[in-house]
Amino acid sequence: MRRKLAAGNWKMNGTSENLKELKALRDAHPDPKVEMLICPPATLITSAVVTAADHPLQIGGQDNHRAEAGAHTGDIAATMLKDAGASYVLSGHSERRTDHAEVDEQIRRKTKTAHAAGLKVIVCIGETLEEREAANTLDIIAGQLAGSLPDVLTAENTVIAYEPVWAIGTGKVPTTDQIGEVHDFIRSKLVKRYGDGVGKSMRILYGGSVKASNADEIFAVSNVDGALVGGASLKASDFSPIITALENA
Ligand code: 13P
């Protein structure tokens with residue numbers, strides 16, 4: 001059985017004032033039946049870890065440098081995230097691919113560095129609208145999976161997030177058939193590359209305009225093991241019903 005994961009990505013949002021949302025989230029779910037994760041901005045990781053203490057709520061980073069340490073002004077090493085109390089990190093989010101021109105090769109190296117630091121990595125993949133309209137979605141997904149994932153990984157230290165770029169922050173959501181097609185395809189690729197044991201145990205999240213109002217139908221799709229949520233993870237009152245929907249899925 002794959003343990004379901006409700007993950008929130010705060011992106012470049014939040015100051016210490018927003019820690020009250022984390023407190024409200026933990027209070028609303030004293031004994032969650034799914035794994036809960038929030039990836040706040042790096043400046044909040046240490047205080048978020050304190051806020052989440054003695055609760056299963058986990059805290060993650062949003063990016064790490066591919067190098068272990070060194071002359072990379074403004075960047076964050078995976079070991080620093082780990083030291084700050086993070087247990088997860090995102091890798092290859094489409095906003096990093098766009099804003100920082102990150103490509104699969106770098107994402108694979110970042111992922112390996114994060115694994116070496118003892119972090120679990122959520123590797124993000126997804127097609128643009130142009131790619132979908134050109135019927136290239138599965139080719140793009142196959143290429144990103146092949147290029148972004150290291151050869152050596154485990155189902156414990158790696159999670160895939162399928163986030164169609166055109167669904168992120170737009171309110172547009174693929175149909176459940178479209179989500180199912182891509183998630184089933186990812187599952188088959190994982191099994192082919194890593195074998196049944198790892199391939200069938202690795203979690204695959206959906207991300208892109210997940211809200212309380214659409215969570216039930218998304219979580220009912222085959223091979224959807226949870227969600228990576230942006231906007232609706234910023235407020236406990238929005239994220240909490242998504243967690244509950246996942247618990248009930
Ligand atoms: P939204 O939920 O705001 O569409 O963002 C999704 C996302 O990019 C999570 O990483």
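What you see is a predicted model, and the numbers here were worked out from it, not measured in a lab. As the structure lists them, so they are numbered: ligands from 1, and atoms in each ligand from 1.
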Salt-bridge present (Arg108, Asp104; N to O < 4.0 Å): no

Residue portion contacting ligand 1 (non-hydrogen atoms closer than 4.0 Å) for Ala161: neither

Side chain proximity check, Lys211 to Asp238, heavy atoms < 4.5 angstrom: no

Subset of ligand 1 atoms that lie under 4.0 Å from at least one heavy atom of Ala167: 4 (O)

Nitrogen or oxygen atoms of Ile168 and ligand 1 under 3.5 Å apart: no

Candidate pair His115 and Thr158, rule side chain to side chain donor-acceptor pair (under 3.5 Å), full reasoning: CA-CA 8 Å; His115 282 160; Thr158 309; 3.0 Å; yes

Shortest protein contact, atom 9 (C) of ligand 1 (heavy atom only): Glu163 OE2, 2.9 Å

Proximal atoms of ligand 1 relative to Gly231 (non-hydrogen, under 4.0 Å): 1 (P), 2 (O), 3 (O)

Which of the ligand 1 atoms, numbered from 1, are nearer than 4.0 Å to a heavy atom of Leu228: 9 (C), 10 (O)

Salt-bridge criterion met for Asp225 and Arg187 (N-O under 4.0 Å): yes

Polar contact flag for Ala232 and ligand 1 (N/O pairs, less than 3.5 Å): no

Identity and distance of the protein heavy atom lying nearest atom 2 (O) of ligand 1: Gly230 N, 2.8 Å

Residue part near ligand 1, for Asn9, under 4.0 Å between non-hydrogen atoms: side chain

Nitrogen or oxygen atoms of Glu95 and ligand 1 under 3.5 Å apart: no

Parallel, tilted or perpendicular: rings of His183 and Tyr162 (30°, 60°): perpendicular

same_hphob_cluster(Leu119, Leu149) at 4.5 Å side-chain heavy-atom cutoff: yes

Distance filter under 4.0 Å to Gly208 heavy atoms, resulting ligand 1 atoms: 4 (O), 6 (C)

For atom 5 (O) of ligand 1, the protein heavy atom that lies nearest, with its residue and separation: Lys11 NZ, 3.2 Å

Donor-acceptor pair, side chain of Ser148 and main chain of Leu145, under 3.5 angstrom: no

Other residues, nucleotides, ligands: >12 heavy atoms within 6.0 Å of Lys120 NZ: yes

